[in-house]
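Fair warning: this is a prediction, and the values are worked out from it, not measured in the lab. We name chains A, B, ... by the order of the sequence lines, and we start the count at 1 in each one.
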2 protein chains.
Amino acid sequence: MHGFKVDGYNEAFLAEITVSTVVAREVRMDEKDLALIRELTENGRASLTELGRKLGITDVAVKKRLRKLERAGVIKKYTVEVDPSKLGYKSVALIGIDVEPEKILDVASKIASKDFAVKVYLTTGDHMIMVEAWARDNKHLTQIIGEIGSTEGVKRVCPAIVLEKLK
Amino acid sequence: MHGFKVDGYNEAFLAEITVSTVVAREVRMDEKDLALIRELTENGRASLTELGRKLGITDVAVKKRLRKLERAGVIKKYTVEVDPSKLGYKSVALIGIDVEPEKILDVASKIASKDFAVKVYLTTGDHMIMVEAWARDNKHLTQIIGEIGSTEGVKRVCPAIVLEKLK
DNA sequence: ATTGAAACACGACACAT
DNA sequence: ATGTGTCGTGTTTCAAT
């Protein structure tokens, strides 16, 4: 026995969700593919030659594997991780949004089209939409919250300001 | 007047948060730096030459700018964005965690060290810790939730299963 | 801007499933 | 047959002068 509560779910519900999950075409992945992704996660600009050295295969073989992973959709894109505060976004927030159920997609896509929205998730749980928003400062964040709140179909806006990112 | 509620904050509180924010050393950034970051966000493996073409500067100039941005900490790392479901993680969740206030850092760093934790945020708001967790399936997710819940100092675990990622 | 070295692209071929 | 590998050759890109 432990002294914590779990909010909202039981195993039967979780099992049910599985059924509605779209089954993706399986991709054959071996150890080297996983190692490749691990390396690229740490240094997405590593050269094919360098990657090959680490895996014990040639640069050409690496290139072929990458193409395979890209075409299979395992690798969605190569990108760069930046520090929002150094870019002038001093106020980052995770914002939960409660909406009228029939308007979820409307609201979500409208919000996803905004500049402040860095990531948008549709979820089960308390809030149906979760947004990571980058604001210049808290005044700007307040304005963003107002903008979200005044969107047709939105019932409640629950902002959580990010104090620190550990991982 | 709008028919939505905002959870937990008012402007005075937001203003107060600003004070405790660590002031980062400012970095001088011009339009080209921002464009560079925009390009790299879309294709983190673009060659210096290609980046230079788009900005109307030479590859060497691009390299210098990148080095500056890396050393200033604006660019934290180059990485790759993958599709968790194609990697065998069929169940992704955003998990809010309520903890006893004095144990936030303990709990957060313990959770950040786990394999399932892809991202960990410390936040204000309902939950003091927010985790993005990748689980193989819902059974695995249930196990992860249990693992979090039985961590010393955790009072409540609020999982939200990600149904879709829009952005 | 030049230049030598490194990295990359592409074709041809080999081997395994 | 399709996927994965190496090798050779020519081209591009990189970094340091």
Under a criterion of less than 4.0 angstrom to any heavy atom of chain A, what are the 5'-terminal and 3'-terminal contacting nucleotides of DNA chain D? dT4(D) to dC7(D)
Do Val99(B) and Val154(B) make a side-chain contact, defined as non-hydrogen atoms from C-beta onward lying under 4.5 Å apart? yes
Do Glu132(B) and Tyr121(A) come close enough that some side-chain heavy atom pair is under 4.5 Å? yes
Run the side-chain donor-acceptor check on residues 57-69 of chain B: report pairs under 3.5 Å with partners two or more places apart or on a different chain.
residue  : atom : partner  : partner atom : Å
Thr58(B) : OG1  : Val60(B) : N            : 3.4
Thr58(B) : OG1  : Ala61(B) : N            : 3.2
Arg65(B) : NH1  : Asp30(B) : OD1          : 2.9
Arg65(B) : NH1  : Asp30(B) : OD2          : 3.2
Arg65(B) : NH1  : Asp33(B) : OD1          : 3.0
Arg65(B) : NH2  : Asp30(B) : OD2          : 3.2
Lys68(B) : NZ   : Asp33(B) : OD1          : 3.4
Lys68(B) : NZ   : Asp33(B) : OD2          : 2.7

Quick tally for nucleotides 1-17 of chain C: nucleotides whose base has a protein heavy atom under 4.0 Å get B, sugar-phosphate-only ones S, the rest -, giving ------SBSB-------
Answer yes or no: is there a donor N or O on one side and an acceptor on the other, between the side chain of Lys167(B) and the main chain of Ala112(A), under 3.5 Å? yes
So, the side chain of Arg45(B) versus the backbone of Ala46(A): is there a donor-acceptor pair under 3.5 Å, distance only? yes
Neighbour count above 12 (heavy atom, 6.0 Å) for Glu152(A) CD: no
Got a sec, which residues hit salt bridge (charged side-chain N to carboxylate O under 4.0 Å, His left out) with Glu164(B), two or more places apart in sequence or on another chain? none
Please identify each residue that fulfils side chain to side chain contact (heavy atoms under 4.5 Å, CB included) with Ser113(B), with sequence neighbours left out. none
Paired with Thr123(B), the side-chain contact (heavy atoms from CB on, under 4.5 Å) test is passed by just one of Leu163(A), Leu94(A), Ile161(A), namely Leu94(A)
Through what angle, rounded to 10 degrees, does the axis of the helix from dA1(C)-dT17(D) to dT17(C)-dA1(D) turn between its ends, using five pairs per end? 30°
Quick one, Met128(A) with Asp98(A), criterion side chain to side chain contact (heavy atoms under 4.5 Å, CB included). Give me CA distance, side-chain angles, the key distance, then yes/no. CA-CA 6 Å; Met128(A) 286 135 281; Asp98(A) 293 10; 4.1 Å; yes
